[in-house]
There are 2 protein chains.
Amino acid sequence: MSAQLVAEHGLTINDYEALLHLARAEDGRMRRVDLAERLILTASGVTRLLDGLEAAGLVERASCASDRRVTYAVLTAAGRTKLHEASESHMADIRAYFEGRFSSEELKQLAALLGRLPGAADAAGEDCAA
Amino acid sequence: MSAQLVAEHGLTINDYEALLHLARAEDGRMRRVDLAERLILTASGVTRLLDGLEAAGLVERASCASDRRVTYAVLTAAGRTKLHEASESHMADIRAYFEGRFSSEELKQLAALLGRLPGAADAAGEDCAA
DNA sequence: CCGCTATACTTGAGTACGCAACCAATATAG
DNA sequence: CTATATTGGTTGCGTACTCAAGTATAGCGG
C-alpha cells in the first residue's frame with residue numbers, strides 16, 4: 001500500500017504525511033520541529049525528508065521574523081496538487097483494506113479505541129482537508 | 001519501547017521477533033523463506049538479520065537433507081536464553097503500555113479485531129512460548 | 001535426458017532513517 | 001549585561017532495510 005504511493009506518485013508514506021500535515025496547518029506551513037513531532041521523526045530525519053520535497057518543488061523554505069532560528073516548511077501549489085492526487089488513490093486503498101476486513105460497526109470501535117493512542121490527533125475520515 | 005530492547009538486550013524488534021518465531025517453530029528451526037514471510041521482510045533482509053544473530057551465537061545454520069537449496073535457521077541454547085531474558089522486560093513494557101490506556105474489556109475487543117489482520121497468526125498473550 | 005521455469009538464498013548498490021556532534025539564535029540567571 | 005542553558009536546525013557516520021542481479025538446486029514438459 002505504501003508501495004503503491006511510491007510507484008504511482010513517487011511519495012514515501014512520510015512524504016505523504018508531511019504534505020498532509022502541512023495542508024492542514026495554518027497557511028500550509030509548519031516549523032520543522034513540529035513537523036518532526038507529528039511524523040514521529042527526529043530533527044535530522046525531517047531535514048532530509050524536506051530536502052527531497054524541496055528538490056521536487058512540493059514545499060519551500062521560509063524564515064521566521066520573530067525567531068531567526070526557525071525555518072518553516074511551506075506547502076507550494078504544486079505540493080497541494082500532488083497531495084490531492086496522491087490522496088485520492090491512497091485513501092481509496094486504505095478504505096478498501098479496512099472495509100474489506102471489518103464491518104462499519106467494527107470500524108467505529110477501532111477508530112474510537114485506536115484514536116486514543118498518542119499521535120492520533122487527526123483524520124476523522126475525510127481526505128486531505130485542503 | 002523498541003529502543004528499550006536495543007538498549008537492554010542489544011536486540012532489534014526484528015531480531016526479537018525472529019527468535020520468537022524460531023522458538024515457537026518445531027525443533028526451533030525454520031527455513032529462511034518462511035521466516036521472511038513471518039517477519040514481513042524480503043529474503044535479503046532475513047539473510048542480513050540472521051548474519052547478525054549468527055555472529056552473536058543466537059542462531060545457527062543447518063542444511064536440509066532433502067533440498068540442498070534451503071538452509072535452516074536454528075535457535076541455539078544461548079538464543080533461547082536471550083529470548084527469555086528479553087521477553088520478560090519486553091512483554092512487561094507492552095503490557096504496561098496497553099493496560100495504561102485501555103480497560104481489559106477494550107483490550108479484548110482490540111485483540112479480537114486486530115487479530116483478524118493478516119500476519120496475526122499468534123500471540124494469545126503469554127510470553128515466548130518456549 | 002535436456003532445456004526451462006521456479007525456488008532458496010546471497011550480494012552490491014541505494015534509501016530512509018537514528019544518533020551524536022555541531023552551529024546559531026533565544027531565553028534565563030547572576 | 002555577561003554567562004549558561006535551551007531550542008531549532010544541519011551534517012557525518014552507521015544501520016536496517018529494499019530492489020535488482022547472480023548462483024545453485026529442484027522440478028518440470030518434451
Side-chain angles (χ1 to χ4, degrees), chain A residues 1-22 25 29-56 58-74 86 119, chain B residues 1-22 25 29-56 58-74 86 119:
Chain A
M1 206 159 74
S2 99
Q4 295 290 320
L5 262 183
V6 175
E8 296 173 15
H9 303 283
L11 294 177
T12 308
I13 334 91
N14 274 341
D15 288 344
Y16 177 84
E17 292 273 324
L19 296 180
L20 183 53
H21 283 296
L22 287 174
R29 74 238 241 25
M30 276 198 234
R31 302 190 315 163
R32 290 157 118 79
V33 193
D34 299 333
L35 197 48
E37 191 184 348
R38 282 295 187 192
L39 298 173
I40 315 184
L41 279 182
T42 60
S44 69
V46 167
T47 294
R48 294 197 247 251
L49 194 164
L50 289 179
D51 283 350
L53 295 179
E54 282 164 24
L58 304 178
V59 308
E60 281 173 352
R61 287 166 171 269
S63 46
C64 175
S66 62
D67 186 339
R68 260 169 300 191
R69 287 170 303 182
V70 341
T71 29
Y72 285 101
V74 190
Chain B
M1 206 159 73
S2 99
Q4 296 290 320
L5 261 183
V6 176
E8 296 174 14
H9 304 283
L11 294 178
T12 309
I13 335 88
N14 274 341
D15 289 343
Y16 177 85
E17 293 274 324
L19 296 180
L20 183 53
H21 282 297
L22 287 174
R29 78 240 237 20
M30 276 197 233
R31 302 191 315 160
R32 290 157 117 81
V33 192
D34 299 333
L35 197 48
E37 191 185 345
R38 282 296 186 190
L39 297 174
I40 314 184
L41 279 182
T42 60
S44 69
V46 166
T47 293
R48 295 197 243 254
L49 194 165
L50 289 179
D51 283 350
L53 295 179
E54 283 164 23
L58 304 178
V59 307
E60 281 173 353
R61 287 166 171 269
S63 46
C64 175
S66 62
D67 187 337
R68 260 170 300 191
R69 287 170 304 181
V70 341
T71 30
Y72 285 102
V74 190

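Being a predicted model, the structure only gives us computed values, none of them experimental.
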Q: Mark yes or no for a side-chain to base donor-acceptor pair under 3.5 Å between A:Arg48 and D:dG12, with no hydrogen or angle criteria applied.
A: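 Answer yes: a donor N or O sits under 3.5 Å from an acceptor.
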
**Q.** base_contact_polar (D:dC19 base, B:Ser44 side chain, donor-acceptor, <3.5 Å)
**A.**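 Between D:dC19 and B:Ser44, which were checked side chain against base, a qualifying N/O pair under 3.5 Å is present.
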
Q.
Can you identify which nucleotide, out of D:dT10, D:dG8, C:dT11, has its nearest atom closest to the B:Thr47 side chain?
A. C:dT11

Take atom [atom1] of [X] and atom [atom2] of [N], then tell me their distance rounded to the nearest Å.
| X | N | atom1 | atom2 | result |
| --- | --- | --- | --- | --- |
| B:Leu41 | C:dC9 | CG | C1' | 15 Å |
| A:Leu50 | D:dT10 | CG | C1' | 12 Å |
| A:Leu35 | D:dT7 | CG | P | 19 Å |
| B:Glu17 | D:dC17 | CD | P | 11 Å |
| A:Leu49 | D:dT11 | CG | P | 15 Å |
| B:Leu53 | D:dA16 | CG | P | 10 Å |
| A:Leu39 | C:dG18 | CG | P | 10 Å |
| B:Asp51 | D:dA16 | CG | P | 11 Å |

Using salt bridge (charged side-chain N to carboxylate O under 4.0 Å, His left out) as the criterion, list what pairs up with [X], not counting sequence neighbours.
| X | result |
| --- | --- |
| B:Arg29 | none |
| B:Glu54 | B:Arg32, B:Arg61 |
| A:Arg69 | A:Asp67 |

Q: Could you tell me whether the phosphate oxygens of D:dT10, OP1 or OP2, come under 4.0 Å of any side-chain nitrogen or oxygen in A:Arg32?
A: yes

So do the side chains of [X] and [Y] get within less than 4.5 Å of each other, counting heavy atoms only?
| X | Y | answer |
| --- | --- | --- |
| A:Arg31 | A:Tyr72 | yes |
| A:Thr12 | A:Leu49 | no |
| B:Val46 | B:Val33 | no |
| B:Leu50 | B:Leu35 | yes |

Q: Taking only heavy atoms on the protein side, list every residue of residues 2-15 of chain A lying under 4.0 Å from any atom of DNA chain C, sorted numerically.
A: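 By residue number: A:Thr12, A:Asn14.
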
Q: Take atom CD1 of B:Ile13 as the centre, draw a 6.0 Å sphere, and report whether it contains more than 12 heavy atoms from other residues, nucleotides or ligands.
A: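 Counting other residues, nucleotides and ligands, CD1 of B:Ile13 exceeds 12 neighbours.
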
Pull out every protein N or O sitting under 3.5 Å from an N or O of nucleotides 24-28 of chain C, one pair per line with the distance.
unit_1, atom_1, unit_2, atom_2, d
C:dT26, OP1, A:Arg68, N, 3.3

Q) With sequence neighbours left out, which residue pairs that include part of residues 8-21 of chain A fulfil the salt bridge (charged side-chain N to carboxylate O under 4.0 Å, His left out) condition? A)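 Non-adjacent pairs meeting salt bridge (charged side-chain N to carboxylate O under 4.0 Å, His left out): zero.
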
(Q) With nearest nucleotide decided by heavy atoms, which residue, B:Ala43 or A:Ile40, maps closer to the 5′ end of DNA chain C? (A) B:Ala43

